[in-house]
Engineer: 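The structure that follows is given in the form of structure tokens.
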Amino acid sequence: MLDREVSARSASGAQLRIRAAGFPARKTLEDFDFDAQPAVRQQIAALASGAFLTQARNIVLLGPPGTGKTHIATGLAVRACQAGHRVLFATATDWVTRLTDAHRQGHLPRELARLRRYGLIIIDEVGYLPFEQDAANLFFQLVSSRYEHASLILTSNLPFSGWGGVFGDQAVAAAMIDRIVHHADVLTMKGASYRLRGRGIDSLPSIRNTSETEQ
Ligand code: ADP
Ligand code: MG
């Protein structure tokens, strides 16, 4: 009886944490078709235990658009919510907005301290938009404040060598990557976009037109 109450309470706690995390879509590891990404199957199976969270390790998901980076980040984060960790998901651009606002109001240290109480933060889509130098510095502070204390999952369509361009400063990018990767698993997704699978991409108008003009 008591056991059942406790498990019901922890299940509703997990649901609350999942709702509070702000995921862009509900995705689970169970929904993921690992045949599309066989190279990362073992790595993800190992991470699914959640041991990375108690060790404050990070995860970096790299790869082209549509290869499942956000899906895997969400799936791992849902597991974290179920294991009792507080989670916050946002795009890199959203994080910059949030940190810039806190900085302008003179609350940055307080905001960083508040965020440290989250066991997992996801920074999605590093690389789609470049940052101002100020934003890069704020980002660096977020990464530093969590270093060896709480986990981050980052996703990017760019290899690390391209991050200097995103952060507008090679030195800031290098110092940040150094801290992120020191205790991290780096997963590289490959191949074509899952979004375009089975869409008959060679019959898309633009491609058909190209081949027609070639004929
Ligand atoms: P990325 O973040 O790498 O651009 P997403 O994770 O957003 O890609 O994936 C794009 C869409 O395709 C999502 O709806 C996602 O659930 C789905 N998807 C991608 N890869 C897989 C996969 N291997 N198995 C199942 N669904 C996938
Ligand atoms: Mg994505």
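Numbering of ligands and ligand atoms starts at 1, following listing order.
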Engineer: Ignoring angles and geometry beyond distance, decide whether Gly68 reaches within less than 3.5 Å of ligand 1 through its nitrogen or oxygen atoms.
Structural biologist: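 Between Gly68 and ligand 1 (N or O atoms, distance only) the closest approach is under 3.5 Å.
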Engineer: Looking at Arg197 and Asp33, does any basic side-chain N land under 4.0 Å from a carboxylate oxygen?
Structural biologist: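 Looking at Arg197 and Asp33, the cut-off is met.
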Engineer: Polar contacts were defined as any N/O atom of the residue lying under 3.5 Å from an N/O atom of the ligand; does this apply to Tyr128 and ligand 1?
Structural biologist: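 The answer is no, given that Tyr128 and ligand 1 share no N or O pair closer than 3.5 Å.
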Engineer: May I ask you to check if any N/O/S atom from Thr70 comes under 2.8 Å of the Mg ion (ligand 2)?
Structural biologist: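 It does: Thr70 brings an N, O or S atom closer than 2.8 Å to the Mg ion (ligand 2).
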Engineer: When only distance counts, is Gly66 in polar contact with ligand 1, meaning an N/O pair under 3.5 Å?
Structural biologist: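 Indeed, backbone or side chain, Gly66 has an N or O that close.
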Engineer: Decide, yes or no, whether a salt bridge links Lys69 with Asp124 under the criterion of side-chain N to carboxylate O below 4.0 Å.
Structural biologist: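 Not counted as a salt bridge, because no side-chain N and carboxylate O are separated by less than 4.0 Å.
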Engineer: Quick one: nearest non-hydrogen protein atom to atom 14 (O) of ligand 1, plus distance?
Structural biologist: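 Ranking protein heavy atoms by distance from atom 14 (O) of ligand 1, first comes Lys27 NZ, 3.0 Å.
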Engineer: Using non-hydrogen atoms of the residue, decide whether Thr155 is closer than 4.0 angstrom to ligand 1.
Structural biologist: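 Heavy atoms of Thr155 never come under 4.0 Å of ligand 1.
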Engineer: Could you identify the single nearest non-hydrogen protein atom to atom 3 (O) of ligand 1 and state the distance to 0.1 Å?
Structural biologist: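 The closest heavy atom on the protein side is Lys69 NZ, 2.7 Å.
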Engineer: Got an N/O contact under 3.5 Å between His71 and ligand 1?
Structural biologist: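 Yes: some nitrogen or oxygen of His71 is under 3.5 Å from one in ligand 1.
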Engineer: At a 4.0 Å threshold, what atoms of ligand 1 neighbour a non-hydrogen atom of Asp31?
Structural biologist: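 Listed by number with element: 25 (C).
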Engineer: Using a 4.0 Å cut-off to any heavy atom of Pro65, which atoms of ligand 1 qualify?
Structural biologist: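 The atoms of ligand 1 under 4.0 Å from a heavy atom of Pro65 are 4 (O).
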Engineer: Judged by modelled atom types alone, do Gln133 and Asp169 share a side-chain donor-acceptor pair under 3.5 Å?
Structural biologist: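 The criterion, which ignores hydrogens and geometry beyond distance, is satisfied for Asp169 and Gln133.
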Engineer: At less than 4.0 angstrom from any non-hydrogen atom of Ala36, what atoms of ligand 1 do you find?
Structural biologist: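 Under 4.0 Å from Ala36, ligand 1 has these atoms: 23 (N).
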Engineer: Which residue supplies the protein heavy atom nearest to atom 24 (N) of ligand 1, what is that atom called, and how far is it?
Structural biologist: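 The protein heavy atom lying closest is Asp33 N, 2.8 Å.
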Engineer: Specify the closest pair of heavy atoms between Pro130 and Gly165, including all atoms of both residues, with the distance to one decimal.
Structural biologist: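 Between these two residues, the closest heavy atoms are CB-O, 4.3 Å.
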Engineer: Side chains of Ser151 and Asn58: is there a donor and an acceptor less than 3.5 Å apart?
Structural biologist: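 On atom types as modelled, these side chains do not qualify, holding no pair under 3.5 Å.
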Engineer: Can you report which non-hydrogen protein atom sits closest to atom 11 (C) of ligand 1, along with the distance?
Structural biologist: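 Here the closest protein heavy atom is Arg195 CG, 3.8 Å.
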Engineer: How far is atom 12 (O) of ligand 1 from its nearest protein heavy atom, and which residue and atom is that?
Structural biologist: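 For atom 12 (O) of ligand 1, the nearest protein heavy atom comes out as Tyr194 CD2, 3.7 Å.
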Engineer: Provide the closest heavy-atom pair for Gln37 versus Lys190 in the form atom of the first, atom of the second, distance.
Structural biologist: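 Closest heavy-atom pair between Gln37 and Lys190: NE2-O, 2.7 Å.
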Engineer: For His183 and Gln55, which I'm curious about, is there any donor-acceptor pair between the side chains at under 3.5 Å?
Structural biologist: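 There is no such pair (donor and acceptor under 3.5 Å, judged by atom type) between the side chains of His183 and Gln55.
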Engineer: Looking at Arg79 and Glu30, is there a salt bridge between them, counting it only when a charged N and a carboxylate O are closer than 4.0 Å?
Structural biologist: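 Between Arg79 and Glu30 there is a salt bridge, with a charged N closer than 4.0 Å to a carboxylate O.
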Engineer: When you measure from the centre of the six-membered ring of Tyr118, is the NZ or CZ of Arg86 under 6.0 Å away and within 45° of the axis?
Structural biologist: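 Verdict for Tyr118: a cation-pi partner in Arg86.
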